[in-house]
Colleague: 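Before I ask anything, let me first share the structure, which is written out below as structure tokens.
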Amino acid sequence: MWRRLLLRGTTCLLQVEDPNFLHQRHFSSLCLRLVTHRLIHRPPAAPSVLRFPGAGYFLANNETRAYKKDTKSTVELPVCPITVTDIKQYIRSKDIPFHDGYSCLHIPSIFVESSARKDSFSLFIDKTTGQFLCKDTLVEGSWEDLQDCLEVMQKEEQDFLSPHVLLGYPESVEEQEERERELREVQRIWSSAVPLTDVPEDEAQLIKTMFQIPKVSNATLKKFGVRLFKPTKSLVFPWFGGPDSSLKGVKLLSAQNTDTDKVTYNEATVPKCSSYYNLFGLPLVSRMDSEVVLTGRELDTLAVSQATGLPSVALPRGVSCLPPVLLPYLEQFKRVTLWLGEDIRSWEASKIFSRKLGLRRCSLVRPGEYQPSPVEALAQGKNLNRIIKASIPAAHKSIVSFKQLREDVYGELLNTEQVAGVKWMRFPELNRIMKGHRKGELTVFTGPTGSGKTTFISEVALDLCMQGVNTLWGSFEINNVRLAKIMLTQFAMQRLEENLEQYDFWADKFEELPLYFMTFHGQQNIKTVLDTMQHAVYLYDINHVIIDNLQFMMGQENLTVDKFAVQDHIIGAFRKFATNTSCHVTLIIHPRKEEDDRELQTASIFGSAKASQEADNVLILQEKKLVTCPGRRSLQVTKNRFDGDVGIFPLDFIKASLTFSAPIKGKHKLRKVPTKPDDEEVEGHEVAPKKDDIKKDKAEKANKTKKTPRPVKSPATGK
Ligand SMILES: Nc1ncnc2c1ncn2[C@@H]1O[C@H](COP(=O)(O)OP(=O)(O)OP(=O)(O)O)[C@@H](O)[C@H]1O
């Protein structure tokens, strides 16, 4: 029996042996995988017939999707969002025993013969996304993949499946070459680095002083396999993973001493940081360990381990994120102590990460004068065991007394600068009024139609993103390509159309930013948008969401209700989201009325006082219709809940770079290369290499560096 199916944009003719065999939902993910697998890379001239064991045949014509989706920077809700209840129900319906873990459900692996299973519950299903990982075989996939496998097993009456049953996207030649190049680089660095125990004692001591780890012993460095890469005087931290515990990558850490006796660290990873999923210290954890100290840096893990003897692992990207792909590796611990660093940012991150890890098993070390980072605590001769014992349970209580709050209040008073949030590099005037960009706030931004709202907010958000604020864009009006083009131009601070030879240079750097886009366009339902935001917060630890603009969520609401009531409702929903997720939401709203000769006010946006009450900050892009200065814009802050300061400052628009910011003067020069002989040197801003340099660089790299999206890697497989 043949059926014609449209599977996510792909027309397929499907021959079904048993029409009831697979639920269409499972079938669609199965078929899509096969279609993309076979046809994207080799579009057939004629329709091709593929077969999947037990599923029947299907015939795919070549009206297939002609592109491969970039899974890295776009955020989409899964085709069928699931809840933990759905997952449990489904697993029960298949008579599979499960263990309800902290962030995952644990079931017996379906990819290992029952007699050969090392651990009875080694397949982990993420309770939030349904993504699964089998720790025995390192097979991983989506919830739909797992359902397909279970259906096939049942149909075929099999006890287990081959680990190769799931087809992945095959690597392109460029991807394969890049992976091989990275592996060679890892090997090169690792083999030319030397164990610190092999370095003469006085030199080793010098290195330790440089890194401010004088009390970290040689034995500890040896135990964790830390080496020294002499050419750059960097410490090398290895990433061992996979069934064979082979070397998957390295992190190089260099230290620079500043005038204030403080040390600043710089790190680089191979593979690059977006694919570096190493929980440093994991190979030293035994299966029986039930307690762990989670740190933000490898050096902190060394300090904790040496001083306390407790198992400790370090997050690969510090306090910036806890990728869910690492969660299965932390499931075995009944108690997790998060000791992420010494500043407010680490404290905020530890509260957010503990939600992912399961609050009831987490306790947090509050940074403070007597509780610095582990490395510093060790250097100061503090008792690390006592600090860990004094950590605070993360579980939230809805009623608290001042006794419980007094430390928090003290922390805020002690660190006023940090509490004020991340400062803008390009907008000192915004810092003066707003003090900074803080987590969990709602900013409403408005301005006349076509006045440059998107352009301005794009630069404001880019500025923060460049400082490590994980950013998610919901651009409903202009598509993501146009938006990314605006941001890239602002990032490069020049008209790239005229300097296309510099495109790769800037695009490579831009790609490294923690920047994600929702794939919506046009009218959207508020619930879908909020669900997607929630999903992104879980996956990428998003700190800032920009919604451009609210009007695109109004259309689908019931229009018989008062328009302003709908607007109030939507603003209320974003407010709640910001508070619940500690994520900053910037909401662009069109003014409700515009009078040509009058400036906008807070009342020009909101339908009722309730809505203006919900916003923490209100920003207005004013467009003055002056004869002397036509088109001149200024930014007015009419509400600032943090400290009440309001004000206005002028903005100068530079059309070539689409930027509003004043050029930064007197900052340190990252690089000083005039692009043309008569060009001025640019200060405080990175400058692309010259044309000749680029050609040389390209010749050297020859075919090696073409960027293609890579699937998420598992910490253990590195695949
Ligand atoms: N200060 C400015 N002076 C002149 N042109 C500007 C200025 N700011 C932005 N532009 C240009 O105006 C155009 C519209 O800008 P943008 O899309 O950012 O406005 P908007 O306020 O978001 O528009 P809309 O009201 O349609 O949402 C763009 O081409 C942009 O480059």
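Every number for a ligand or one of its atoms is a count from 1 in the order of the listing. Every value quoted in this text rests on a predicted model; they were computed, and no experiment measured them.
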Colleague: If the cut-off is 4.0 Å to any non-hydrogen atom of Leu658, which atoms of ligand 1 fall inside it?
Modeller: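 Contacts of ligand 1 toward Leu658, numbered from 1: 31 (O).
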Colleague: Is there any N or O on Asn549 that sits under 3.5 Å from an N or O of ligand 1?
Modeller: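 No, no N or O pair falls under 3.5 Å.
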Colleague: Answer yes or no for His590: is there a heavy-atom contact with ligand 1 below 4.0 Å?
Modeller: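 Right, His590 reaches ligand 1.
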Colleague: Under 4.0 Å, counting heavy atoms only: does Gly447 come that close to any atom of ligand 1?
Modeller: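 Per 4.0 Å heavy-atom rule, Gly447 does not contact ligand 1.
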Colleague: Report, in ascending order of atom number, the atoms of ligand 1 lying under 4.0 Å from any heavy atom of Thr455.
Modeller: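 Counting from 1, the qualifying ligand atoms are 9 (C), 15 (O), 16 (P), 18 (O), 30 (C).
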Colleague: Determine, step by step, whether Asn470 and Tyr516 satisfy the side-chain hydrogen bond (donor to acceptor under 3.5 Å, both in side chains) criterion, reporting the C-alpha distance in whole Å, the side-chain angles of both residues, the deciding distance to 0.1 Å, and the verdict.
Modeller: CA-CA 8 Å; Asn470 300 335; Tyr516 304 89; over 6 Å; no
Colleague: Working to the nearest 0.5 angstrom, can you tell me the gap between Trp424 CH2 and Leu430 CG?
Modeller: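 Between Trp424 CH2 and Leu430 CG, I get 4.0 Å after rounding to 0.5 Å.
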Colleague: Counting only heavy atoms closer than 4.0 Å, does ligand 1 sit against the backbone of Arg633, its side chain, both, or neither?
Modeller: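 Under 4.0 Å from ligand 1, Arg633 contributes side-chain atoms alone.
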Colleague: With a 4.0 Å cut-off on heavy atoms, is Phe660 in contact with ligand 1?
Modeller: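 Checking ligand 1 against Phe660, which is what was asked, there is a heavy-atom contact under 4.0 Å.
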Colleague: Does Asn617 offer a backbone N or O that forms a donor-acceptor pair with the side chain of Asn640 under 3.5 Å?
Modeller: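 Checked: no pair found.
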Colleague: Do Phe427 and Phe660 have ring centres separated by under 6.0 Å?
Modeller: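 No; Phe660 has its ring centre 6.0 Å or more from that of Phe427.
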Colleague: Does the salt bridge (Lys or Arg N to Asp or Glu O under 4.0 Å) test come out yes or no for Glu498 and Arg495, once each step is laid out?
Modeller: CA-CA 6 Å; Glu498 288 162 13; Arg495 202 190 299 277; 3.1 Å; yes
Colleague: Considering distance alone, does some N or O of Glu477 sit under 3.5 Å from an N or O of ligand 1?
Modeller: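 Min N/O separation from ligand 1 is below 3.5 Å for Glu477.
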Colleague: Does Arg432 make a cation-pi contact with Phe649, if we ask for NZ or CZ under 6.0 Å from the ring centre and within 45° of the axis?
Modeller: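 Cation-pi check for Arg432 and Phe649: fails.
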